[in-house]
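Working notes, beginning with the structure itself.
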Amino acid sequence: MELIVRETEPGVRAATASAVTKPATLETGLRVTVPQFVNVGDRVVIDTRTGEYSGRVR
């Protein structure tokens with residue numbers, strides 16, 4: 001399922017796809033852990049079986 005990030009800490013410019021994560025609130029109110037490079041307004045994919053971040057839509 002694709003959802004928009006409504007609230008999260010600002011992304012770090014040098015962040016890569018490493019294991020560094022931060023909390024985010026999505027448009028439905030769901031709180032998930034996302035990688036540092038995800039920012040407010042980004043569209044992310046959530047695994048409906050686990051409710052966890054699965055990827056970012058480009």
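Everything numeric in this text was worked out from a predicted model, so none of it was measured.
- Of the possible donor and acceptor atoms, none in the side chain of Lys22 sits under 3.5 Å from a partner among the backbone N and O of Phe37.
- Ile4 is linked by a side-chain contact (heavy atoms from CB on, under 4.5 Å) to Arg6, Glu27, Arg43, counting only residues two or more places apart in sequence or in another chain.
- In the hydrophobic clustering of this structure, Leu30 groups with Val44; members are Ile, Leu, Val, Met, Phe, Trp, Tyr whose side-chain heavy atoms approach within less than 4.5 Å, directly or through other members.
- The heavy-atom pair separating Pro23 from Thr8 by the smallest distance is O-OG1, 2.8 Å.
- Under the 4.5 Å side-chain criterion, counting only non-hydrogen atoms from C-beta, Asn39 is not in contact with Val5.
- Between the CG atom of Asp42 and the CG atom of Leu3 there is a distance of 12.5 Å, given to the nearest 0.5 Å.
- Other cluster members for Val40: none, since no ILVMFWY side-chain heavy atom sits under 4.5 Å from it.
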Can you list, pair by pair, the side-chain donor-acceptor contacts under 3.5 Å of residues 50-58, counting residues two or more places apart and other chains?
residue: Thr50; atom: OG1; partner: Glu52; partner atom: N; Å: 3.3
residue: Tyr53; atom: OH; partner: Arg56; partner atom: N; Å: 3.4

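- Applying the side-chain contact (heavy atoms from CB on, under 4.5 Å) rule to Thr25 yields the partners Glu7, Arg31; only residues at least two apart in sequence or on another chain are considered.
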